[in-house]
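Notes for the one structure printed next.
Just the heavy atoms: all of them, side chains too, but no hydrogens, waters or symmetry mates, feed the values below.
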Amino acid sequence: MDSATETTRPLRSDIPDMFRPPVNRAMRTLDRSFFRKTVPITAATIFQKPDIATVRAKLTKSRDLLSLPRLNVIREVKENDVVRKCLLLREDIKHNDSATWSNTINELVEKGTIGLGPYTLELDYDFWTYSDIIWAILPEEEHTEIPVGFTQVGHVAHLNLREQYLPYKHLIAEILKDKNKAIRTVINKTEDVGSHSEFRTFPFELLAGDNDLNVIQHEQDCEFHFDYSRVYWNSRLETEHRRLVEKFRPGQMVCDVMAGVGPFAVPAGRRKIFVWANDLNPHGWEVMEDAIKRNKVKDFVTAFNMDGREFIRWSAKALLEQGPVTVTIQPKIRREAKGKAETDKKERPPPPAEKYTRPTVFDHYVMNLPATAIEFLDAFPGVYAGKESLFAPHTLQPLPMIHVYCFSGHSDNPLDDYIDICRRISERIGYTITPDDLEGGSGNQELEFTIHNVRCVSPKKQMFCASFRLPKEVAFREG
């Protein structure tokens, strides 16, 4: 169960009724002791210990064993101070009714290998799943759907509950925490992301567990430490972060305009990609500085705390003025036994150091602020005015790729969303881009234009990443 928004699915159980938990539709405070149940079934006692594996194999093949998830069918029974192993049998098999026995059971009983007898199976709260317990608590009219989605950030589960589930929010949260051992804190989003803050944080309420939102989050082999209440993080975007970072090549220069705590920048730095990463949120900038040090990418990643539009204009100029910077990485030499190391040193020289030179212009711009990033595109007209000689055809350096995230409708016809995205981009850069310009289309193929569908945010809202090469008519525009 891991999603950025609350999702639902029909509430049903594949286990027979007799094994379902006790029902209490009036419960509002979780009472774990209520969920205890004893179920009378039949067990096959194995008289000789060496026969256990053989008997189990035969009863498995004949499908006579009790089949319940997470349940160990091997148990112990004590008869006349003798402890023996037994196997739990299907609920329809009766120890005192041979008409319910399979041929395999009959054969084993006749040989004296096993004996059938009654067994009381005890089930409790720990046995049942989240869905099982919710089924026993929610009113039957709510059984068409149940809330099963949440985002996990470190030890925090972030819910986005629909209105009909709010009366049960504390129950849902407690059960969720119990059934997911990595979760210590459960919160519920009370209003939309960014509704009260330009830093993309959101109002929330604590539903269960520790009032502690200082989390440790891992992504792409990097570690981030932050206060989840003060920065934006979405675990559902890890695949997208990875997809884009894999487009960058070692030694390239990336401008991450709305970098957050660094989910693009820090993994890129690990891949020997230079990044200037900016975020308006002072706490986000502090977290990113910490992540740069913690993940040892300070030679490649530099953090800034500026307005995004200002950063686009300033960084292009500043990078040129600062000029190239070379990073030298010495090879790691494994420690060997002294004699072997001296012999190897004589036989072969150490591997050469790796050298990466930071470019003086950007190869990529990342703009991951889907609610408003397109609006910041108006910073690009003239960003390299008078600098035509730095780029192709005068050099081998192409103009940068722009990767701008945005929301659009979740239309039945994707073309409608593409038209909307193209129109909004065109308005901000003062240059017309259309769906015909998409790769493989009939339009301008020099743009290398793609629109990637990132994820569905809601039934009427989709997140996209539009990527295109900055047109020379925009980059070099005067005035």
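Between Glu238 and the choices His241, Arg236, Arg242, the side chain to side chain donor-acceptor pair (under 3.5 Å) rule is met once, by Arg242.
With Arg20 contributing its side chain and Ile15 its backbone, the two residues share a donor-acceptor pair below 3.5 Å. Counting only distance, with no hydrogens or angles, the side chain of Ser467 and the backbone of His403 share no donor-acceptor pair below 3.5 Å. Under a 3.5 Å cut-off, the side chain of Asn188 and the backbone N or O of Leu161 do form a donor-acceptor pair. Panel note: side chain Arg428, backbone Asp378; no donor-acceptor pair is recorded below 3.5 Å. Panel note: side chain His170, backbone Leu207; a donor-acceptor pair is recorded below 3.5 Å. Panel note: side chain Ser235, backbone Gln152; a donor-acceptor pair is recorded below 3.5 Å. For the pair Glu427 (side chain) and Cys422 (backbone), a donor-acceptor distance under 3.5 Å is absent. The main-chain N or O of Leu280 is found under 3.5 Å from a side-chain atom of Asn305 such that the two form a donor-acceptor pair. Between the side chain of Asn444 and the main chain of Asp437, no donor-acceptor pair closer than 3.5 Å is present. Judged by distance alone, the side chain of Trp128 and the main-chain N or O of Phe19 form a donor-acceptor pair under 3.5 Å.
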Does the pair Arg469 and Glu446 meet the rule for a side-chain contact (heavy atoms from CB on, under 4.5 Å), with working shown?
-> CA-CA 8 Å; Arg469 195 164 294 284; Glu446 291 183 0; over 6 Å; no
Please report the C-alpha distance between Ile421 and Cys406 in whole Å, then the side-chain angles of each, then the deciding distance to 0.1 Å, and finally whether the side-chain contact (heavy atoms from CB on, under 4.5 Å) criterion is met.
-> CA-CA 8 Å; Ile421 293 168; Cys406 60; 3.9 Å; yes
Show your reasoning for whether side-chain contact (heavy atoms from CB on, under 4.5 Å) applies to Asp436 and Phe449.
-> CA-CA 9 Å; Asp436 290 337; Phe449 182 36; over 6 Å; no
Determine, step by step, whether Ser411 and Asn413 satisfy the side-chain hydrogen bond (donor to acceptor under 3.5 Å, both in side chains) criterion, reporting the C-alpha distance in whole Å, the side-chain angles of both residues, the deciding distance to 0.1 Å, and the verdict.
-> CA-CA 5 Å; Ser411 306; Asn413 184 357; over 6 Å; no
Taking it one step at a time, do Lys272 and Ile329 satisfy side-chain contact (heavy atoms from CB on, under 4.5 Å)?
-> CA-CA 10 Å; Lys272 312 300 186 295; Ile329 302 174; 3.2 Å; yes
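By the 4.0 Å N-to-carboxylate-O rule, Asp178 lies close enough to Arg32 to be salt-bridged with it. Taking a cutoff of 4.0 Å between a charged side-chain nitrogen and a carboxylate oxygen, Arg184 and Asp212 qualify as a salt bridge. The pair Glu388-Lys472 fails the salt-bridge criterion, with no side-chain N (NZ, NE, NH1 or NH2) lying under 4.0 Å from an Asp/Glu carboxylate O. Here Arg455 does not pair with Glu240 in a salt bridge; the nearest charged N to carboxylate O distance is not below 4.0 Å.
Other residues, nucleotides and ligands contribute only 12 or fewer heavy atoms inside 6.0 Å of the CH2 atom of Trp285. Annotation: Leu415, atom CG; neighbour count of heavy atoms from other residues, nucleotides and ligands within 6.0 Å is above 12. Around NZ of Lys387, the count of heavy atoms belonging to other residues, nucleotides or ligands within 6.0 Å does not exceed 12. Other residues, nucleotides and ligands contribute over 12 non-hydrogen atoms within 6.0 Å of the CZ atom of Arg25.
The OH atom of Tyr431 sits 10.5 Å away from atom CZ of Phe468, with the distance rounded to the nearest 0.5 Å. Note: Ser408 OG to Phe464 CZ = 5.5 Å, rounded to the nearest 0.5 Å. Note that the CG atom of Leu176 and the CZ atom of Phe150 stand 5.0 Å from one another [nearest 0.5 Å]. One finds the CG atom of Asp210 at 5.0 Å from the OG1 atom of Thr185 (value rounded to the nearest 0.5 Å). Taking CD1 of Ile402 as the start and CD1 of Ile374 as the end, the distance is 12.5 Å to the nearest 0.5 Å. Taken to the nearest 0.5 Å, the NZ atom of Lys189 stands 8.5 Å off from the OG1 atom of Thr151.
Considering all non-hydrogen atoms of both residues, Phe311 and Asp256 come closest at CE2-O, 4.2 Å. The shortest non-hydrogen separation linking Ala173 to Ala208 is CB-CB, 3.7 Å. The minimum heavy-atom distance linking Phe376 with Asp307 is given by the pair CE2-OD1, 4.2 Å. Across all non-hydrogen atoms, the minimal contact from Val266 to Cys222 is CG1-SG, 3.7 Å. Minimum interatomic distance between Glu219 and Pro263 (heavy atoms only, all atoms of both residues): OE2-CB, 3.8 Å. Annotation for Gln330 and Ala353: closest pair OE1-CB, 3.7 Å, computed over non-hydrogen atoms.
Under a cutoff of 6.0 Å and an axis angle of 45°, Arg294 and Phe224 do not form a cation-pi pair.
Two residues are said to be in side-chain contact when any heavy atoms from C-beta on lie closer than 4.5 Å; Arg358 and Pro324 fail this criterion. Here the side chains of Asp363 and Arg249 are not in contact, with every heavy-atom distance at 4.5 Å or above. A 4.5 Å side-chain heavy-atom check between Leu171 and Tyr165 finds every atom pair outside the cut-off. Side-chain contact check for Val327 versus Phe274: some heavy-atom pair is nearer than 4.5 Å. Side-chain atoms of Phe127 and Pro21, non-hydrogen and from C-beta on, never get closer than 4.5 Å to each other. Side-chain contact check for Phe226 versus Gln217: some heavy-atom pair is nearer than 4.5 Å. Between Lys247 and Met401, every side-chain heavy-atom pair lies at or beyond the 4.5 Å cut-off. For the pair Gln397/Leu390, no side-chain contact is recorded, criterion being any heavy-atom separation below 4.5 Å from C-beta on.
Between Trp233 and Tyr228, the ring center distance fails the sub-6.0 Å criterion.
Between the side chains of Tyr232 and Asn281, no donor N or O sits under 3.5 Å from an acceptor N or O.
Between Tyr356 and Phe300, the ring-plane angle classifies as perpendicular under the 30° and 60° cut-offs.
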